[in-house]
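Each chain gets a letter, A, B and so on, in the order its sequence line appears, and its residues count up from 1.
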Amino acid sequence: MIVVLARSARFLGFVGVALVFWRIASWPTPAGMTHEGQMALAVFTASLLLWVSQLLPLAITSLLALVALPLAGVMSSAEAYSLFGNEAVFFIMGAFILAAALVKSGLSSRVALFFLRRFGASDRRLVLGLLVVPAFLAFWMPEHAVAAMMFPISLEIVNGLNLRPRKSEFGKAVFVAAAYGALIGGVATFLGGARNPLAIGILRQATGVTIGFLEWMLAVVPTVLVMLVVAYFLILRFFKSEITDVSEAGRILEDRIKKLGILSFEERLIGLIVLAAIVSWITIGGTVGLANIAIVAVVFLFIFKLVSWKDIEDYVNWGVILMYGGAIALGFAMDSTQTAAWVADRTILSWSLTPTVLIVVVVVTTILLTEGISNAAVVAVLMPLGISVARTYGIDPKVLTFAIAVPSGLAYMLPMSTPPNAIAYSSGFVGIRDMVKIGSLLSIITVIVFMAMAKFYWPLIGLNF
Amino acid sequence: MRIVMVLSSIGQPLEAIVSAVEFAASKEAELAAVFIMDETVPAAIFEKLTDIGFIGEKPGTELESAVSAEYRRQAEETLGEIQRSAREVGVTLTTEIVAGDFVEKSLEVVAKYAADTLIIARTRQSWLARMLARTGTNDLLRLAPCEIKVFEA
């Protein structure tokens with residue numbers, strides 16, 4: 001009975017999306033919009049509904065959008081499929097393969113344990129370590145992979161300390177710290193979350209402007225550092241530790257390090273290749289191209305036989321290519337047909353906001369949306385509108401890119417918002433109520449910190465609004 | 001008299017469990033404590049990692065196994081506590097761990113043990129949570145073929 005009802009609801013969902021598409025596509029074309037723009041809006045709205053409802057996997061919705069654009073006459077098939085070959089997509093692919101090599105070789109776990117054992121002296125320091133270490137790792141590899149890697153370590157710590165699920169406040173702190181660390185660290189570079197290069201890809205496709213690896217870090221890392229400090233004190237305040245002796249955790253970490261054995265030649269070589277890629281992204285990324293560096297690094301992994309194709313297939317989900325390729329094509333269609341400008345004119349631009357209030361509205365909207373839908377979908381939906389708004393206001397489009405991409409990665413409140421939260425919740429130690437309480441306060445503080453940085457720090461590095 | 005107590009991965013307060021065991025003792029009943037491991041949570045984590053996180057199958061599967069193993073450990077720990085409580089009050093106890101949907105498996109074990117009463121131990125909920133959330137307990141109150149007792153703490 002339940003299965004039949006679920007199937008009916010799913011079928012009705014598809015019918016609803018199709019009706020919305022048909023309704024928008026069959027309107028008399030509004031003044032100021034072209035027919036192509038109207039069709040782009042229909043495809044955009046249908047994609048948005050599918051991303052929110054998750055009636056289809058995210059990547060399949062993107063693929064559908066890519067096909068729907070030429071079928072609806074928005075652009076030619078050749079143009080739509082060429083957007084799939086965007087540099088950002090190949091950068092994301094390369095970054096995921098490099099991360100796969102780090103995880104498969106065990107080097108990422110070794111680095112995590114190496115740093116974490118330095119924090120095992122007291123309960124407060126252990127929480128700090130569980131926040132800072134995943135954050136640091138998420139600078140250099142996808143935050144979701146970091147959260148998945150940290151889970152068994154956190155689990156072993158809470159079990160070693162005999163903490164009771166849902167009862168132990170320190171147990172809650174352990175899992176929440178690891179999740180928030182990965183989330184906050186994930187916004188610092190292009191490597192922590194693929195939504196960051198996606199935002200750059202949409203920005204570049206629409207305006208020709210881009211943001212370099214170092215430029216991104218310079219703008220975002222100070223916010224990340226402040227948010228880590230805020231998160232640390234909030235975790236300590238919300239989850240008051242009931243234990244004082246965490247020496248067992250230190251022993252567990254030492255045991256894990258011993259089990260890993262000595263650093264292998266393969267690990268050293270993978271570490272060197274990833275390090276060389278990072279240095280190249282920072283120093284020569286702007287001239288050589290981020291994607292080129294990523295792909296060359298991947299080729300080196302194979303030249304030295306450090307990974308096999310089977311390993312890459314096991315550790316990388318190729319849906320990532322479909323998701324981001326389709327999202328970039330959709331963003332380009334919205335911008336090139338002036339549809340994003342049309343929508344922005346009738347929504348946010350009609351409110352006559354000052355630039356500062358405008359950025360606040362964008363940041364708050366992004367944070368609210370990202371609690372409900374995937375952060376990549378939030379970027380795909382908001383970036384075209386953000387670019388139009390920036391043009392109208394005469395604001396540097398990079399500012400709007402940061403205002404959308406950074407908060408889109410900071411979904412603290414709900415377990416279903418993002419994989420790191422879901423992983424923390426699955427431990428059985430953290431309840432939904434725990435996450436909503438601390439997450440809502442952290443979200444409010446994020447808006448304040450982000451705006452303070454934007455207002456007072458960004459002008460120092462040439463970002464004005 | 002036969003009583004079945006069902007427990008789940010969501011977690012039950014120890015006080016509610018102890019009250020339930022004392023109730024079985026007062027009725028001089030045989031008690032079967034069945035822990036139903038909810039497989040939907042590990043499966044949802046796997047789905048989140050692959051669909052949203054675009055993490056490959058292997059790390060997703062490893063994480064799913066780690067979560068399932070942790071749920072089994074928590075189940076064994078909870079059943080161990082019930083065993084201690086039952087021993088203290090002299091109740092004959094059978095324990096079992098099963099995996100699957102809470103409502104479906106609860107109805108199966110009620111039939112298997114030919115239970116006269118089904119006991120559910122759960123955390124006390126606010127009226128708002130009760131109104132908003134569709135819970136397995138509410139479904140069982142509607143579907144179970146025997147008397148149901150809910151112990152809250």
(message) For a 4.5 angstrom cut-off between non-hydrogen side-chain atoms, does A:D314 reach B:E57?
(response) no
(request) Pick one of side chain, backbone, both or neither for A:Q54, based on which atoms fall under 4.5 Å of a heavy atom in chain B. (result) side chain
(request) Identify which part of A:A376 has an atom lying under 4.5 Å from any heavy atom of chain B, answering side chain, backbone, both or neither. (result) neither
(request) Locate the shortest heavy-atom distance separating B:Y71 from A:S426; write the atom from each residue and the value. (result) OH-O, 2.7 Å
(message) Taking every non-hydrogen pair under 4.5 Å, which of A:P165, A:A99, A:G428 racks up the most with chain B?
(response) A:P165
(request) Return the minimal non-hydrogen interatomic distance between B:Q74 and A:S427, and the atom names on each side. (result) NE2-O, 3.1 Å
(request) Measure distances from A:L155 to the heavy atoms of chain B and classify the residue's part below 4.5 Å as side chain, backbone, both or neither. (result) side chain
(message) Using a 4.5 angstrom heavy-atom cutoff, name the option from A:K104, A:R164, A:M323, A:H144 with the most pairs to chain B.
(response) A:H144
(request) Select, from A:S374, A:P415, A:A100, A:G319, the one with the greatest count of heavy-atom pairs under 4.5 Å involving chain B. (result) A:G319
(message) What's the separation between atom CD1 in B:I55 and atom CZ in A:F96, rounded to the nearest 0.5 Å?
(response) 5.5 Å
(request) Please check if atom CD in B:E104 has more than 12 non-hydrogen atoms from other residues, nucleotides or ligands closer than 6.0 Å. (result) no
(request) For residues A:N159 and B:E70, determine if any side-chain heavy atom of one lies less than 4.5 Å from a side-chain heavy atom of the other. (result) yes
(message) What part of A:V320 gets within 4.5 angstrom of chain B, counting heavy atoms only: side chain, backbone, both, or neither?
(response) both
(request) Let me know if A:M416 has heavy atoms under 4.5 Å from chain B in its side chain, its backbone, both or neither. (result) both
(request) Please state whether the side chain, the backbone, both or neither of A:N375 comes within less than 4.5 Å of a heavy atom of chain B. (result) neither
